[in-house]
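Chain A is the first sequence line, chain B the second, and so forth, proteins listed ahead of strands; every chain is numbered from 1. All figures in this text were calculated on a predicted structure; none of them were measured in a lab.
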Protein chains: 2
Amino acid sequence: MNTNPYRDSSGRTLADYPRPSVAVDTAVLTLDEQVGLVVLEVRRTNGAGWGLPGTFLHEGETLADAVRRSLDVKAGVSGLNPRQLHVFDAPDRDDRGWVLSVGHVDVVRPERIQSRAPSTTRLMPVERPGRLPYDHADIIERAVDYLRARYSDRPDPDGLLGDEFTILQLRLAHERITGRAMQRDWFRRTMDPQLEPTGLMATGTRGRPAELFRRRGTAGAGTRG
Amino acid sequence: MNTNPYRDSSGRTLADYPRPSVAVDTAVLTLDEQVGLVVLEVRRTNGAGWGLPGTFLHEGETLADAVRRSLDVKAGVSGLNPRQLHVFDAPDRDDRGWVLSVGHVDVVRPERIQSRAPSTTRLMPVERPGRLPYDHADIIERAVDYLRARYSDRPDPDGLLGDEFTILQLRLAHERITGRAMQRDWFRRTMDPQLEPTGLMATGTRGRPAELFRRRGTAGAGTRG
DNA sequence: GTAATAGTGTCTATCAGACATTATAAC
DNA sequence: GTTATAATGTCTGATAGACACTATTAC
């Protein structure tokens with residue numbers, strides 16, 4: 001480190017300045033059949049209450065790597081693709097010292113996080129996430145905004161439904177994510193050109209069986225998260 | 001600092017971890033009558049070439065304060081309202097050591113930065129900003145995307161034109177910012193309800209004089225940046 | 001007068017919203 | 001058969017795009 005003898009206009013090197021600790025905190029979102037959009041919380045290391053999974057950035061590590069490490073260690077979830085939301089930088093936001101936190105969001109299929117370490121993790125509805133420390137409530141809000149924007153006009157871009165689904169299943173998922181009813185006709189007309197038929201039919205339903213579709217073009221995208 | 005005896009699961013305190021230096025870099029955008037959308041660049045402190053204005057974050061300072069300080073010192077521009085874009089975190093991105101950079105964007109009226117320290121600052125078109133170090137080209141790209149989204153359906157939200165303008169002046173500004181022609185009819189119909197007439201007329205033009213408008217509701221918003 | 005630009009009116013194609021109709025299953 | 005849901009067709013109102021027409025200035 002700092003082998004390059006850089007000095008600023010005051011003649012000081014990088015090492016002469018105090019540096020903040022940098023943390024990452026992540027809102028991992030998924031869709032619960034009953035509850036709707038839920039966020040993963042972990043028991044805090046000091047034992048008091050719950051919070052979003054997070055960790056301090058290690059040397060030589062990217063933010064995304066730190067996010068993946070924290071989720072692997074704290075919730076047993078691996079292979080994520082986190083996205084930055086915002087840097088929380090109030091100098092007094094953490095009483096342990098000067099800590100910046102980079103809020104992230106990630107979206108995963110429900111089976112990836114259900115029944116993982118149930119005593120130290122829980123899934124809470126995004127509208128009532130409970131009492132959370134730091135800026136975690138703010139991170140959840142930004143995460144939900146991000147997800148709703150993604151789901152405004154594309155069919156399940158984060159693959160929460162898997163690869164094959166009926167248009168009704170797709171619409172119900174979008175309604176639970178965006179929190180408002182979607183027009184049935186408009187929804188089909190908008191999504192149809194972005195879907196391709198599988199030829200298969202859903203079974204065990206009440207009326208005429210619905211056709212199963214998959215996302216057009218993005219083969220296997222649904223297994224990403 | 002670190003008066004709280006916090007220890008993590010390995011028994012280490014915050015001070016035991018190496019911490020990154022944190023920098024801010026800012027794309028200050030404005031509109032040049034001839035050139036179009038331009039970005040402010042400053043001569044680098046090591047003398048080699050040009051870059052976006054930036055600085056290292058000081059203790060007890062927010063990111064926005066660091067941005068304001070860097071622009072005040074390096075370009076004589078004050079009173080800005082920067083917005084975060086992205087954290088650049090590649091561990092080897094800066095050969096001076098471990099440095100994270102938070103990219104920012106801000107938009108100011110051209111007279112705020114023109115003829116400020118012309119030997120150490122310059123304005124370059126955003127499409128051809130020259131050779132830039134670090135992630136500065138990426139920051140400019142994100143800054144332009146941000147500005148184009150802001151200008152997609154609202155009349156000059158950052159007040160680049162001042163408080164009073166004709167609809168033609170407004171449309172030309174939007175065209176230079178978004179980089180594509182805007183439909184004349186649609187533009188008037190979209191913007192008209194968001195404008196209020198001043199009763200005054202533009203003078204010295206070729207044909208029928210155009211009415212001057214101001215933004216509806218947001219009195220004085222144009223003098224912000 | 002002519003040329004140029006501002007502002008208004010109108011036609012049309014597109015599309016969201018609404019509703020009707022037909023198809024096909026469970027019961 | 002009845003009931004429920006899927007899929008398709010059709011009508012309507014709103015609006016973007018296009019163009020015509022009038023108004024008012026410089027020259």
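- Using a 4.5 Å heavy-atom cutoff, the side chains of A/V38 and A/V126 are not in contact.
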| note | Heavy-atom contacts, protein to nucleotides 17-27 of chain D, under 4.0 Å, summarised as B (base), S (sugar-phosphate only) or - (none) per nt, yield BBB---BBBB-
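- Protein atom CG of B/L170 is 12 Å distant from nucleotide atom P of C/dG7, rounded to whole Å.
- For B/R171 and C/dG7, the CZ to P distance is 11 Å, given to the nearest whole Å.
- We find that CD of B/E211 is positioned 15 Å from C1' of C/dT5, with the value rounded to whole Å.
- Side-chain contact check for B/L52 versus B/I139: some heavy-atom pair is nearer than 4.5 Å.
- Ion pairing between A/D65 and A/R68 holds under the 4.0 Å rule for side-chain N and carboxylate O.
- B/R216 contributes a side-chain N or O that, together with a main-chain N or O of B/L195, makes up a donor-acceptor pair within less than 3.5 Å.
- Rounded to an integer number of Å, the gap from CZ of A/R188 to P of C/dA16 is 15 Å.
- The CG atom of B/L212 sits 15 Å away from the C1' atom of C/dG7 (whole-angstrom rounding).
- Residues B/Q84 and A/H86 are in side-chain contact: their nearest non-hydrogen atoms beyond the backbone lie under 4.5 Å apart.
- Among the protein residues, A/L168 comes within range of the sugar-phosphate backbone only, with heavy atoms under 4.0 Å from sugar or phosphate atoms but none that close to a base.
- For B/M191 and D/dA16, the CE to P distance is 12 Å, given to the nearest whole Å.
- The interatomic distance linking A/M201 (CE) with C/dA26 (P) rounds to 13 Å, in whole Å.
- Contact check on A/R215 versus A/D156 returns a salt bridge, with a Lys/Arg side-chain nitrogen under 4.0 Å from an Asp/Glu carboxylate oxygen.
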